[in-house]
Amino acid sequence: MSATDPFTADPRDVRANRSAPLEIELLVEGRRAMAVRPLFAPDAQLHTVATNGGWFEGPAWVPARATISNEDTLVWSDVTGDRLLVWDARRGARVWLEPSFHQNGHTVDATGRLLAASHGERAIVRRELDGSWTIVADLVDGKRFNSPNDLVVANDGAVWFTDPRYGLDQVTEGYGGLPEVEGAHVYRVDPREPGTLSGANVRCVSGWHPEMQGPNGLAFSPDESVLYVTDSEARHVLGFAARYSLDGPELGFRWLVHETRDGAPDGIRVDPTGRLWVSSGAGVEILAPPEVGRRAEPLAILHTPRPTANLAFSPDLHILALTSTDEVHLVPLGDIGR
């Protein structure tokens, strides 16, 4: 990330290096099935690169151009272990930051800076290129968030994030405390307006919709016309048509996109064609790009030995990283851009 902190860390006992056959369950037939197989490299296996976690979550790839080692670097959290970990091809997996204030989801912005949803700080934080951490948002209308869970940076630089109560209600995932905002919502941080100490740059963009029980992962469609949000408590994925009001961007028309087949959805990613990749108790459920107002067609399930919490595509889209309970897996991809 920077000359002051080049991801040097303690390897401890988290490293792993083993492979297993890739288990892909096709849910479609004929030509539709033939279109699924090229999503994975011909000789792809499930490579386990880290183990001995508490609850691994929130993977994100820091691009090589933003690291001193000039290597794409995977960052993820051990939410219950209160630490951050990293992996790169040369040095393997290692503990990077401990304690981490129970960070959960991660993403990177256009400059390669790492952003995190922090349960413990009840805030969105960003790691600057000099190695320091900055609070991006910690208040809305003068009130503290519950426990920001996952986040995404839009093309305009705005940060959108979910704010369920897991870090307040579950003692192993945060520092507890009382909720100050009503309900669990999706928020947007406007990059053009200062307001870190007041929350003036933060808006609830889901407030007029029925409350979600446990908003969790979120991802935009390729053209950012739709925001997909997983609700882990309701065990489904919702789609929201993004719209503009006098107050700025917000979530409009809402519909049910998918109900996971096994367990609760958590993380979600969208590939360049608009396919949805949703983590679940089975592993990763892969869905065809849905039309607005319609459910997505399930295409396949990439099975993992343990439930998968979250996932992230590498910058070159050649690797899919999976945080699966207490392990991290890497899966070589084929052409996911068509």
**OP:** First locate atom CZ of R18, then atom OG1 of T48, and finally report the distance between them rounded to the nearest 0.5 Å.
**Re:** 4.5 Å
Original post:
Listed by chain and number, what are the side-chain contact (heavy atoms from CB on, under 4.5 Å) partners of R31, not counting sequence neighbours?
Top reply: none
Original post:
Is R338 salt-bridged to D271, going by a charged N under 4.0 Å from an acidic O?
Top reply: no
Original post:
Do you see a donor-acceptor pair shorter than 3.5 Å between the side chains of S280 and E285?
Top reply: yes
Original post:
Is there a side-chain contact between Y166 and S232 (heavy atoms, below 4.5 Å)?
Top reply: yes
Original post:
Nearest 0.5 Å, what's the CD1-CG distance between I336 and L317?
Top reply: 4.5 Å
Original post:
If you group Ile, Leu, Val, Met, Phe, Trp and Tyr by side-chain heavy-atom gaps below 4.5 Å, do V140 and V205 land in one group?
Top reply: no
Subject >> Any donor-acceptor N/O pair, T80 side chain to T172 backbone, under 3.5 Å >> reply: no
Subject >> Expected output: side-chain N201 to main-chain V189 donor-acceptor under 3.5 Å >> reply: no
Original post:
Are the side chains of L85 and V14 in touch, meaning some heavy atoms are under 4.5 Å apart?
Top reply: yes
Subject >> Heavy-atom donor-acceptor pair, R127 side chain to T134 backbone, under 3.5 Å >> reply: no
**OP:** Compare all side-chain heavy atoms of I268 with those of V237 and state whether any distance is below 4.5 angstrom.
**Re:** yes
Original post:
Just wondering, do V292 and W255 contact through their side chains at under 4.5 Å, heavy atoms?
Top reply: yes
Original post:
Charged N to carboxylate O below 4.0 Å: is that the case for R243 and E250?
Top reply: yes
Original post:
S279 and A309: which non-hydrogen atoms are nearest, and at how many Å?
Top reply: OG-O, 2.8 Å
Original post:
With H102, which residues qualify under side-chain hydrogen bond (donor to acceptor under 3.5 Å, both in side chains), at least two apart?
Top reply: none
Original post:
Between L115 and V152, is there a shared hydrophobic cluster once you connect ILVMFWY residues whose side-chain heavy atoms come closer than 4.5 Å?
Top reply: no
**OP:** Show your working on side-chain contact (heavy atoms from CB on, under 4.5 Å) between L74 and L330 and close with a plain yes or no.
**Re:** CA-CA 10 Å; L74 179 68; L330 302 180; 4.2 Å; yes
Original post:
Can you check whether V331 reaches L322 side chain to side chain, under 4.5 Å on heavy atoms?
Top reply: yes
Subject >> Between OG1 on residue T67 and CG on residue D88, distance to nearest 0.5 Å >> reply: 8.0 Å
**OP:** Could you list the residues that satisfy side-chain contact (heavy atoms from CB on, under 4.5 Å) with A35, not counting sequence neighbours?
**Re:** none
Subject >> Closest non-hydrogen atom pair, L151 against A117 >> reply: CD2-N, 3.8 Å
Original post:
What pairs with W160 under ring pair (Phe, Tyr, Trp, His ring centres under 6.0 Å), at least two apart in sequence or on another chain?
Top reply: F220
Which donor-acceptor pairs under 3.5 Å do the side chains of residues 173-185 make with protein atoms, sequence neighbours left out?
{"unit_1": "E180", "atom_1": "OE1", "unit_2": "R144", "atom_2": "N", "d": "2.9"}
{"unit_1": "H185", "atom_1": "NE2", "unit_2": "E182", "atom_2": "O", "d": "2.8"}

Subject >> Atom CZ of R165: over 12 foreign heavy atoms under 6.0 Å >> reply: yes
Original post:
If you measure from CG on N104 to CD on E57, what distance do you get to the nearest 0.5 Å?
Top reply: 4.5 Å
Original post:
Is a side-chain N or O of W61 found less than 3.5 angstrom from the main chain of A312, in a donor-acceptor match?
Top reply: yes
Subject >> Test side-chain contact (heavy atoms from CB on, under 4.5 Å) applied to Q213 - qualifying residues, sequence neighbours left out >> reply: D231, E233, A234
**OP:** Applying side-chain contact (heavy atoms from CB on, under 4.5 Å), run through L84 and F101 and close with a yes or a no.
**Re:** CA-CA 9 Å; L84 294 187; F101 299 102; over 6 Å; no
Original post:
Which pair of heavy atoms, one from S206 and one from L251, lies closest together, and at what distance?
Top reply: CB-CD1, 4.0 Å
Subject >> Any P215 side-chain heavy atom under 4.5 Å of D150 side chain >> reply: no
Subject >> Path from V28 to F40 over hydrophobic side-chain contacts below 4.5 Å >> reply: yes
Original post:
So, do R203 and D190 sit near enough that their side-chain heavy atoms are less than 4.5 Å apart?
Top reply: no
**OP:** Could you go through the side chain to side chain donor-acceptor pair (under 3.5 Å) check for D247 and S245 one step at a time?
**Re:** CA-CA 5 Å; D247 295 322; S245 70; 4.6 Å; no
**OP:** Quick one: which residue pairs count as a ring pair (Phe, Tyr, Trp, His ring centres under 6.0 Å) with a foot in residues 104-126, not counting sequence neighbours?
**Re:** none
Original post:
Do any pairs count as a ring pair (Phe, Tyr, Trp, His ring centres under 6.0 Å) and have a residue in residues 308-337, sequence neighbours left out, and if so which ones?
Top reply: W277-F313
Subject >> From OG1 (T323) to CG (D78), nearest 0.5 Å >> reply: 10.5 Å
Subject >> Salt bridge flag under 4.0 Å for residues D109 and R113 >> reply: yes
Original post:
Is there side-chain contact between T260 and V278, with heavy atoms separated by less than 4.5 Å?
Top reply: yes
Original post:
How far apart are the C-alpha atoms of V86 and R94, what are their side-chain angles, what is the distance that settles it, and do they pass the side-chain contact (heavy atoms from CB on, under 4.5 Å) test?
Top reply: CA-CA 6 Å; V86 294; R94 54 209 183 273; 3.7 Å; yes
**OP:** Considering only Ile, Leu, Val, Met, Phe, Trp and Tyr, and joining two whenever side-chain heavy atoms are under 4.5 Å apart, list the other residues clustered with I301.
**Re:** L27
Original post:
With the 4.5 Å side-chain cut-off for hydrophobic clustering, are Y228 and F240 part of the same group?
Top reply: no
**OP:** With sequence neighbours excluded, tell me which residues meet ring pair (Phe, Tyr, Trp, His ring centres under 6.0 Å) with Y187.
**Re:** F145, F161
Original post:
Hey, are R188 and D156 close enough for a salt bridge, meaning a charged N less than 4.0 Å from a carboxylate O?
Top reply: yes
Subject >> Heavy atoms from other residues, nucleotides or ligands near CG of D169 exceed 12 (cutoff 6.0 Å) >> reply: yes
**OP:** Please answer whether the main-chain N or O of A123 pairs with a side-chain N or O of D138 as donor and acceptor at a distance below 3.5 Å.
**Re:** no
Subject >> Sidechain-backbone polar pair: R269 side chain, L320 backbone, donor-acceptor under 3.5 Å >> reply: no
Original post:
Which of these, L39, L287, V270, sits in a side-chain contact (heavy atoms from CB on, under 4.5 Å) with R275?
Top reply: L39
Original post:
Under the side-chain contact (heavy atoms from CB on, under 4.5 Å) test, which residues partner R294, sequence neighbours left out?
Top reply: E291
Subject >> Any donor-acceptor N/O pair, S225 side chain to A242 backbone, under 3.5 Å >> reply: no
Original post:
Hey, does the side chain of N146 reach the backbone of D163 with a donor-acceptor pair shorter than 3.5 angstrom?
Top reply: yes
Subject >> Check: S77/Q103 side-chain N/O donor and acceptor closer than 3.5 Å >> reply: no
Original post:
How many angstroms lie between atom OG1 of T73 and atom CD1 of I68, to the nearest 0.5 angstrom?
Top reply: 11.5 Å
Subject >> Selection residues 295-308 - residue pairs positive for side chain to side chain donor-acceptor pair (under 3.5 Å), sequence neighbours left out >> reply: E25-H303, R32-E297, E259-R295, T304-T308, R306-D326, R306-E327, T308-S324
**OP:** Using side-chain contact (heavy atoms from CB on, under 4.5 Å) as the criterion, point out the one residue from L238, T230, L227 that pairs with L218.
**Re:** L227
